[in-house]
Amino acid sequence: MKSAIGTRENVRIIDQFESGGLRVEVLEYEKLLGLTNATMAQQVYFMEKQNIRVRQIALYLNNEKVTIEKGAMSYFQGNIEMVSGVTLGNALGRMIRGAVTGEHMAQPEYTGTGLLVLEPSFKHFLVLELAQGESIIVDDGMFYCAQGSVTVKAVAQQNISSAVAGGESIFQQQLTGPGLIILESIVPMCEIDVIEMQNDVLRVDGNFAVLRSAGLGFTVERSAKTLIGSAVSGEGLVNVYRGTGQVWLAPTIKVYKTLQLAQSMGVSATKINMNTSRS
């Protein structure tokens with residue numbers, strides 16, 4: 001099968017995974033060599049020094065099916081067929097559900113044998129494999145691609161008031177295995193702490209949990225048992241996870257959001273307080 005790198009000399013494979021009839025390659029452009037503007041070239045130079053590089057996902061299908069985020073396809077080659085998953089029978093239901101949950105009416109499905117390459121991105125790609133029946137809930141906007149054996153659906157938070165108070169989306173995406181999934185993230189895997197919980201409680205000051213096991217309970221509570229205690233601690237409300245499973249925490253999300261806010265305001269990032277449960 002044709003390689004996704006093809007004739008390009010500035011692209012390399014930084015990670016790869018395989019499950020069933022699907023092979024996933026994470027590609028990275030070592031440099032952007034087509035710049036003709038000096039100011040832009042200077043900006044890209046410093047971006048590359050900070051590992052801000054263009055990355056791309058290549059999917060090799062062997063009699064396999066994948067579901068991707070709408071608009072994520074770049075090109076495909078081979079005996080591959082694209083279907084929308086929408087029929088006359090389910091179109092109205094999907095339209096109504098999409099209006100309520102915000103999910104796309106149709107997430108394209110590609111079936112067959114060949115090469116499917118997705119759109120390039122400056123973000124990071126997290127690839128993981130779910131076991132049979134394993135189910136996770138991911139942060140809004142992270143879903144990028146899933147093997148055909150994975151069930152993808154929008155689910156409502158059990159406690160809507162908690163979701164709003166905790167800075168979470170009311171509707172999130174639940175992915176149930178088996179199979180490979182690809183998530184698009186603003187932070188790399190090396191900055192994510194995978195917290196293992198065994199009939200445990202985890203309290204988080206802010207909405208920087210990017211993934212959690214679907215079986216975990218989620219609520220928003222005061223950081224202390226009393227209002228005075230919460231006021232003294234300075235934390236106020238915290239997101240609370242209970243049960244057995246995993247929570248993926250990305251604390252540096254607060255840092256990046258602070259940098260973006262500072263840039264938009266034209267001030268130094270050190271002048272903005274990120275120590276708040278809603279940051």
Side-chain angles (χ1 to χ4, degrees), residues 14-15 26 28 46-55 57 69 72 102-103 120-128 136-145 154-155 157 159 162-175 181-197 200-214 216-221 223 233-242 245-279:
I14 60 173
D15 220 339
V26 183
E28 183 177 84
F46 288 109
M47 289 170 65
E48 290 172 350
K49 290 295 183 182
Q50 280 299 112
N51 197 37
I52 304 175
R53 302 176 188 271
V54 176
R55 301 176 183 89
I57 293 294
E69 180 66 5
E103 70 173 318
S121 172
F122 277 113
K123 291 184 179 181
H124 302 273
F125 293 110
L126 312 179
V127 184
L128 59 152
I136 61 172
I137 293 176
V138 299
D139 206 13
D140 187 41
M142 288 189 68
F143 174 76
Y144 199 62
C145 177
V155 294
Q157 296 274 18
N159 190 319
S162 288
V164 173
E168 301 280 353
S169 300
I170 296 176
F171 292 92
Q172 295 177 307
Q173 283 185 303
Q174 181 172 333
L175 310 174
I181 64 170
I182 302 168
L183 306 176
E184 194 176 30
S185 171
I186 66 172
V187 297
M189 191 66 207
C190 63
E191 294 183 9
I192 295 177
D193 190 10
V194 179
I195 307 294
E196 297 282 354
M197 299 176 59
D200 201 358
V201 181
L202 173 69
R203 293 175 172 84
V204 179
D205 179 28
N207 58 329
F208 54 88
V210 297
L211 178 156
R212 72 176 186 269
S213 299
L216 290 174
F218 169 73
T219 57
V220 175
E221 303 172 7
S223 58
S233 71
E235 301 301 339
L237 299 175
V238 293
N239 293 352
V240 182
Y241 304 88
R242 287 186 172 85
Q246 288 185 350
V247 179
W248 289 23
L249 296 182
T252 51
I253 284 180
K254 280 189 172 186
V255 179
Y256 299 131
K257 288 183 177 180
T258 300
L259 289 171
Q260 290 174 350
L261 178 61
Q263 185 180 46
S264 67
M265 296 173 61
V267 299
S268 170
T270 58
K271 295 182 179 181
I272 297 180
N273 178 24
M274 69 179 74
N275 298 318
T276 165
S277 60
R278 298 283 69 81
S279 63

One should read off an interatomic distance between I52 CD1 and F46 CZ, to the nearest 0.5 angstrom, of 12.0 Å
Atom OH of Y144 and atom CD1 of I57: how far apart are they, to the nearest 0.5 Å?
7.0 Å
Decide yes or no for I195 and D200: does some side-chain heavy atom of the first lie under 4.5 Å from some side-chain heavy atom of the second?
no
From CD (E196) to CG (L202), nearest 0.5 Å
12.0 Å
Supply the atom-to-atom distance Q246 CD to I136 CD1, rounded to the nearest 0.5 angstrom.
9.0 Å
Using side-chain hydrogen bond (donor to acceptor under 3.5 Å, both in side chains) as the criterion, list what pairs up with E184, not counting sequence neighbours.
S121
Checking N51, D15, V54 against E28 for side-chain contact (heavy atoms from CB on, under 4.5 Å), the one that qualifies is N51
What residue among N207, V240, L237 forms side-chain contact (heavy atoms from CB on, under 4.5 Å) with V220?
L237
Is any side-chain heavy atom of V210 closer than 4.5 Å to a side-chain heavy atom of I253?
yes
Flag, side chain of D205 to backbone of V238, donor-acceptor distance under 3.5 Å:
no
CD of E221 to CZ of R242: how many Å apart, nearest 0.5 Å?
4.0 Å
Check whether NZ of the Lys or CZ of the Arg R212 lies under 6.0 Å from the centre of the six-membered ring of F218 and within 45 degrees of that ring's axis.
yes
How far apart are the C-alpha atoms of Y256 and E191, what are their side-chain angles, what is the distance that settles it, and do they pass the side chain to side chain contact (heavy atoms under 4.5 Å, CB included) test?
CA-CA 12 Å; Y256 299 131; E191 294 183 9; 2.9 Å; yes
Which value, rounded to the nearest 0.5 Å, describes the distance between I192 atom CD1 and W248 atom CH2?
6.0 Å
Looking at every heavy atom in both L126 and P188, which two are closest together, and how far apart are they?
CD2-C, 4.4 Å
Correct closest heavy-atom pair for F122 and R55 would be O-NH1, 3.4 Å
Where K123 and I186 come nearest, the two heavy atoms and their spacing:
CE-CG2, 4.0 Å
Using a 6.0 Å cut-off, check whether atom CD of Q50 has over 12 heavy atoms from anything other than its own residue.
no
Which heavy atom of A209 sits nearest a heavy atom of V247, and at what distance?
CB-CG1, 3.9 Å
Minimal non-hydrogen separation, T258 against K254, with atom names:
OG1-O, 2.8 Å
Just do the side chain to side chain contact (heavy atoms under 4.5 Å, CB included) check on I182 and E69 with the steps written out, would you?
CA-CA 10 Å; I182 302 168; E69 180 66 5; over 6 Å; no
Identify which one of D139, L175, L183, I137 satisfies the side-chain contact (heavy atoms from CB on, under 4.5 Å) criterion when paired with L211.
L183
